[in-house]
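Structure record follows, encoded as structure tokens.
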2 protein chains.
Amino acid sequence: MTRNPIPEIVIGRLPVYLRALTRLLEQGRQVTSSQELGERLGISAAQIRKDLSQFGEFGKQGTGYDIEFLVAKIQEILKVDRVWEVAVVGAGDVGHALVNYGGFHDRGFKIAQIFDNDPDKVGTSYKDIVVMDIAQMQEKIRKAGIKIAMLAVPASVAQEVVDQLVEAGVEAILNYAPVNLVVPPGVRVQYIDPSVHLQTMTYFLD
Amino acid sequence: MTRNPIPEIVIGRLPVYLRALTRLLEQGRQVTSSQELGERLGISAAQIRKDLSQFGEFGKQGTGYDIEFLVAKIQEILKVDRVWEVAVVGAGDVGHALVNYGGFHDRGFKIAQIFDNDPDKVGTSYKDIVVMDIAQMQEKIRKAGIKIAMLAVPASVAQEVVDQLVEAGVEAILNYAPVNLVVPPGVRVQYIDPSVHLQTMTYFLD
DNA sequence: CCTGATTTGTGCAACAAAACACAATCGTGG
DNA sequence: CCACGATTGTGTTTTGTTGCACAAATCAGG
């Protein structure tokens, strides 16, 4: 039952469910329950059931959830039942690690383009992808119809690059630069800043 | 004024405030308001005021907040008014990028130890830190009294390493491995998984 | 010293999320 | 083919979070 506006917090949990379910599949499991999943994720069983029920009835009473089926459903909901081309901006250590990372392939993403403004880097290859000049970024992204970018540039130029990305049609940005970004409505940003993550934990240390 | 149990969601916003305030300081600003801060962060002014008021009265009516003072207060609250030694486990691309990253220094963290199980990597230096064998991890971490670790190992061994870290006294883990970790009460985990972050955004794409 | 423009801190109301609890359903084993 | 244990989906209750609105405080200018 595709209900009206699904809370964003629910959407945020789906990738976590998906990751755990995929792992169960790899372990040869065929069926699981909200209880088992909840124990593994530290989430209540009721919450998992309610989250999933927002999108349909995927389980069987008395039995649980067929993992393969549920994985397919969540992939469909999250629109990762396809492969999205992604652009990486910034060919420093982070950009390098992202390009080398093998984990995107099975999860709906493929790094298609890399950009940097350093002439020494432009033209070199990361894996089988040639680093392009950031001056060509907008044209290349628009031409390829890329909607997703990962931003791994210095904080000082992040906002400027974001403005260009948005103008080129990008609608989802994973930001590794340690600054808040201002984007127009309809464009989403997710933040990865190790210091921020660490600082949320130090509060609880002695 | 209520110093009792502060909601975790509030704690999670403080590092973001801190980052923005620090940036304002760098720009030479001395005073700001909840309204200005809110506009920059996409958060309501009321929320910022309420969050901060959980810890004390840091602003001045009619004037706003003295940025330097507020930065100091938030650093104190988050316990990043000191420098925490951090251990990195896994000397692959991610571990490498973390060690090279210059952004920890001013934000309360210092990478003090790196571990890997690859004999080819053990003994080599990343920056000025020598990669140590993971076999010595528990001893080294315990001896140094390290409470914070960043985990950048393959998913298949992540839980096993975490168990060792916890046993060695680590209480906060920033996990780059794409798996959910099970930890005892009192130990905190934060997750960084680019695919998960991206998948929360694809839902909203066309 | 008074007035008006700001801006904080907060009580209260509105909204959102999580937990509870249970009828309905399913599969199994006797 | 019946009874029982397991498990879902969901209406209701409980708990938590956010937004609103305003008194109180502050400052600048005349």
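Reminder, nothing fancy here: chain letters follow the sequence lines and each chain counts from 1. What you see is a predicted model; the values in this text were computed from it and never measured.
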(request) Starting from P on D/dG9, measure out to CD1 on A/Ile48 and report it in whole angstrom. (result) 12 Å

(message) Salt bridge check, A/Lys73 against A/Glu57: does any charged N sit closer than 4.0 Å to a carboxylate O?
(response) no

(message) In this structure, how many angstroms lie between the P atom of C/dA18 and the CG atom of A/Leu52, rounded?
(response) 14 Å

(request) Ignoring backbone atoms, test whether B/Tyr65 places a side-chain nitrogen or oxygen under 4.0 Å from the OP1 or OP2 oxygen of C/dT6. (result) no

(message) For A/Asn180, give me all partners under side-chain hydrogen bond (donor to acceptor under 3.5 Å, both in side chains), at least two apart in sequence or on another chain.
(response) B/Arg19

(request) Could you run through nucleotides 17-25 of chain D and give me one letter per nucleotide, 5' to 3': B if any protein heavy atom sits under 4.0 Å from the base, S if only the sugar-phosphate is that close, - if neither? (result) SSB-B--BB

(request) Starting at atom CD of A/Gln54, determine the distance to atom P of D/dT8, rounded to an integer number of angstrom. (result) 16 Å

(message) Here's one to test your reading of the geometry: is the NZ or CZ of B/Lys79 within 45 degrees of the ring axis of A/Tyr203 and under 6.0 Å from its centre?
(response) yes

(request) Dump the intermediate steps for side chain to side chain contact (heavy atoms under 4.5 Å, CB included) on B/Asp116 and B/Ile134, then the final yes or no. (result) CA-CA 5 Å; B/Asp116 203 297; B/Ile134 208 165; over 6 Å; no

(request) Would you kindly give the CD-to-P distance between A/Gln35 and D/dA6, to the nearest whole Å? (result) 10 Å

(request) Quickly work out the A/Asp66 CG to C/dC26 C1' distance and round it to whole Å. (result) 15 Å

(request) Decide if atom CD of A/Gln47 counts as having more than 12 heavy atoms of other residues, nucleotides or ligands within a radius under 6.0 Å. (result) yes

(message) Quick check: on DNA chain C, is the nucleotide nearest B/Ala45 upstream (toward 5') of the one nearest A/Thr63, or the reverse? Name the residue that is more 5'.
(response) B/Ala45

(message) Tell me the interatomic distance from A/Ile6, atom CD1, to C/dA17, atom C1', rounded to whole angstroms.
(response) 14 Å

(message) By the side-chain hydrogen bond (donor to acceptor under 3.5 Å, both in side chains) test, which pairs, at least two apart or in different chains, include something from residues 26-46 of chain A?
(response) A/Arg29-A/Glu36, A/Thr32-A/Glu36, A/Ser34-A/Arg49

(request) Starting at atom CG of A/Leu37, determine the distance to atom C1' of D/dG9, rounded to an integer number of angstrom. (result) 16 Å

(request) Nearest whole angstrom, please: distance from the P of C/dT7 to the CD of B/Glu39. (result) 11 Å

